[in-house]
Every structure is written in C-alpha cells, then in structure tokens.
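If you're wondering where the values come from, they're calculated on a predicted model, not measured in any experiment.
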Amino acid sequence: MKEQRRKILGDERRTLLLNLLKNSTQPITGSELASRTKVSRQVIVGDITILKAKKEPIIATSMGYLYLKPQGVEEVIERTIAVSHPPERTEEELNILVDHGVTVKDVRIEHPVYGDLTASIMVSNRNDVKHFMEKVRATKASYLSELTNGIHLHTISAATVETLDRAEAALKQGGFLIE
C-alpha cells in the first residue's frame, strides 16, 4: 500500500511556504502551495496573512504569491509615474513598459472616499502581461483606473535609471504619460 504524505502543520508549514516563496523566481498559486502542504487553499491564505503580519514581504499577484526580496537579486530602482488611458489601452501600456525592461509593480489611484487604493500587478515581460490580461478578462474585473476616468499611478522598477527614462519616454510618445 502506498504511503500517503502527511499534512504539514502550523509553524513547520509556514516555514516551508516561506522557503518555497523565497526560492522561487515566479509567483506560486495558493492552490499549488495547498497541494504541496496537503492543506486547503484557505489555510494557505491564513498562513500568508500570518507571514505578512510577521513583516515577510509577500504579495499576492494575479498569478500567485511572490516573495519581494528573493535571494541573490541586485538592487532595483523604483519610480512612480502618472498615466492616463481608457481601459482598452491597458495591455498596450503594460507591454510598452515591459518591452523596455521595466517591472510594473502596482497600480494606485486616489479615490475621493477611500483615499489611496493600491493593487499589485507585478508584470515583467509580455508573458506576464498576457496572463494578467487573461485573468482580468476571465473574471470580468474592472480596472482601478475606471474609478478615476483613466488616471492612475504605477510603481515601476528597473536595474538602471536610464531604463526607467526610456520607458517613460515611450509612454509619453504613446500618449500615456501625465506630466
């Protein structure tokens, strides 16, 4: 008879989750983490919440959980940019940025009632953008920017200031950048 793998409990499971995320260069879905630890996806959500409360830099992206400070990664330069466009130009905007070597970390709007609202995006290449857009379409989700007539901010990052400058210039040329 084949031996079944045991459910991994509490602190041991959270340590394993943390190691899996730290050692991954790609987001890992809650379902995959649940499968690896033999618990439900909801237990994983709770574990991630506990790890975040312990100040672990884990974010939830549209493609899964990601540890923000992977080992061995060089420092990156971040910048916040202001852009405006209709929803149907979102994919074009994201592709311009990633094509210039930029990671789009998040989107932020200034809501008149709730103040700053931020959502993680974490796209670094066209494949990431494709998956992000597929998820938006499949869930029929609205963009945060629809609450502000297309005006929004992005935190972008890259290895050099010149990379960020080139990406901004391309956005300006495409009519996206607010100056």
Side-chain angles (χ1 to χ4, degrees), residues 21 26-30 44-70 73-179:
L21 291 169
Q26 299 295 319
I28 304 173
T29 66
I44 297 299
V45 170
D47 284 345
I48 296 296
T49 301
I50 290 168
L51 291 169
K52 286 179 177 182
K54 292 180 178 182
K55 305 294 186 211
E56 293 293 348
I58 299 169
I59 61 165
T61 74
S62 62
M63 294 174 287
Y65 293 107
L66 188 62
Y67 192 83
L68 278 184
K69 296 179 183 174
V73 172
E74 297 176 20
E75 283 293 315
V76 294
I77 300 158
E78 288 187 355
R79 181 181 295 172
T80 300
I81 57 171
V83 292
S84 180
H85 61 81
E88 57 272 10
R89 292 195 71 196
T90 299
E91 187 168 9
E92 178 187 0
E93 173 207 34
L94 294 175
N95 279 330
I96 287 171
L97 289 165
V98 300
D99 285 351
H100 283 84
V102 168
T103 294
V104 182
K105 295 181 75 171
D106 60 29
V107 59
R108 186 169 72 240
I109 63 165
E110 294 177 23
H111 191 274
V113 176
Y114 302 114
D116 282 349
L117 297 177
T118 304
S120 174
I121 296 179
M122 293 306 289
V123 294
S124 298
N125 56 56
R126 280 190 175 247
N127 194 45
D128 291 349
V129 172
K130 178 183 169 199
H131 284 104
F132 175 78
M133 296 304 298
E134 286 172 353
K135 187 146 194 178
V136 168
R137 290 180 189 114
T139 60
K140 296 180 175 50
S142 297
Y143 298 104
L144 282 182
S145 62
E146 291 181 65
L147 298 172
T148 55
N149 294 317
I151 298 170
H152 56 287
L153 305 172
H154 285 300
T155 304
I156 59 174
S157 65
T160 67
V161 170
E162 293 78 21
T163 299
L164 295 175
D165 290 344
R166 283 192 297 275
E168 273 195 74
L171 284 179
K172 182 177 180 180
Q173 184 177 10
F176 291 96
L177 198 63
I178 299 173
E179 297 186 79

Worksheet item: Would you say Arg79 and Glu168 make side-chain contact, with heavy atoms under 4.5 Å?
Response: yes
Fill in: From Ile96 atom CD1 to Leu94 atom CG, the distance as rounded to the nearest 0.5 Å
9.5 Å
Worksheet, complete the sentence: When rounded to the nearest 0.5 Å, the distance separating OG of Ser120 from CZ of Arg108 is 13.0 Å
Discussion item. Apply salt bridge (charged side-chain N to carboxylate O under 4.0 Å, His left out) to residues Glu91 and Arg137 and explain how you reach the verdict.
Written reply: CA-CA 11 Å; Glu91 187 168 9; Arg137 290 180 189 114; 2.8 Å; yes
Worksheet item: Is the backbone N or O of Tyr143 less than 3.5 Å from a side-chain atom of Glu146, with the two atoms forming a donor-acceptor pair by type?
Response: yes
Practice prompt. Give the intermediate values and the outcome of salt bridge (charged side-chain N to carboxylate O under 4.0 Å, His left out) for residues Asp99 and Arg166.
Written response: CA-CA 10 Å; Asp99 285 351; Arg166 283 192 297 275; over 6 Å; no
Discussion item. Looking at every heavy atom in both Arg89 and Gly174, which two are closest together, and how far apart are they?
Written reply: NH2-O, 2.9 Å
Fill in: Partners passing ring pair (Phe, Tyr, Trp, His ring centres under 6.0 Å) against His131 (at least two apart in sequence or in another chain)
none
Worksheet item: Only one of Leu51, Ile48, Leu68 forms a side-chain contact (heavy atoms from CB on, under 4.5 Å) with Glu56, so which one is it?
Response: Leu51
Discussion item. Surrounding CD of Glu92 (heavy atoms of other residues, nucleotides or ligands, distance under 6.0 Å), is the total greater than 12?
Written reply: yes
Discussion item. Would you say that His111 contacts Thr148 through its side chain, given a criterion of any heavy-atom pair below 4.5 Å between the two side chains?
Written reply: no
Worksheet entry | Verdict with supporting geometry, Asp128 and Val98, side chain to side chain contact (heavy atoms under 4.5 Å, CB included) | CA-CA 9 Å; Asp128 291 349; Val98 300; over 6 Å; no
Worksheet item: Quick check: does any side chain N or O of Asp106 sit under 3.5 Å from a backbone N or O of Ile121, one acting as donor and the other as acceptor?
Response: no
Worksheet item: Quick one: does His100's side chain get under 4.5 Å of Leu164's, heavy atoms only?
Response: no
Worksheet item: Under 4.5 Å between any side-chain heavy atoms of Tyr65 and Ile44, yes or no?
Response: yes
Practice prompt. Could you check Met122 against Ile59 for side chain to side chain contact (heavy atoms under 4.5 Å, CB included), going step by step and ending with a plain yes or no?
Written response: CA-CA 9 Å; Met122 293 306 289; Ile59 61 165; 3.1 Å; yes
Fill in: Side chains of Leu171 and Leu97 in contact at under 4.5 Å (non-hydrogen atoms)
yes
Fill in: Contact check, side chains of Ile109 and Leu153, non-hydrogen atoms, under 4.5 Å
no
Worksheet item: Is the side chain of Thr139 donor-acceptor paired with the backbone N or O of Lys135 at a distance under 3.5 Å, no angle test?
Response: yes
Discussion item. When you measure from the side chain of Thr103 to the backbone of Lys105, do you find a donor-acceptor pair of N or O atoms at a distance under 3.5 Å?
Written reply: no
Fill in: Interatomic distance, Ser124 atom OG to Gln26 atom CD [nearest 0.5 angstrom]
8.5 Å
Worksheet item: How many angstroms lie between atom OG of Ser142 and atom CG of Leu147, to the nearest 0.5 angstrom?
Response: 7.5 Å
Worksheet item: Considering only heavy atoms from C-beta outward, does the side chain of Met133 approach that of Thr90 to under 4.5 Å?
Response: yes
Discussion item. Could you check whether atom NZ of Lys130 has more than 12 heavy atoms from other residues, nucleotides or ligands sitting under 6.0 Å from it?
Written reply: no
Worksheet entry | Greater than 12 external heavy atoms within 6.0 Å of Gln173's CD | no
Worksheet item: So His152 and His154, would you call those rings parallel, tilted or perpendicular, with 30° and 60° as cut-offs?
Response: perpendicular
Practice prompt. Could you tell me whether the side chain of Val107 reaches within less than 4.5 Å of the side chain of Thr118, counting heavy atoms only?
Written response: no
Practice prompt. Determine the minimum heavy-atom distance between Ala159 and Ile77, stating which atoms define it.
Written response: O-CD1, 3.6 Å
Worksheet entry | Distance (rounded to the nearest 0.5 Å) between Leu177 CG and His85 NE2 | 11.0 Å
Discussion item. Ignoring hydrogens and geometry beyond distance, is a side-chain donor-acceptor pair present between Thr163 and Thr160 at under 3.5 Å?
Written reply: yes
Practice prompt. Taking atom CG of Asp116 as the centre, report whether more than 12 heavy atoms of other residues, nucleotides or ligands fall under 6.0 Å from it.
Written response: yes
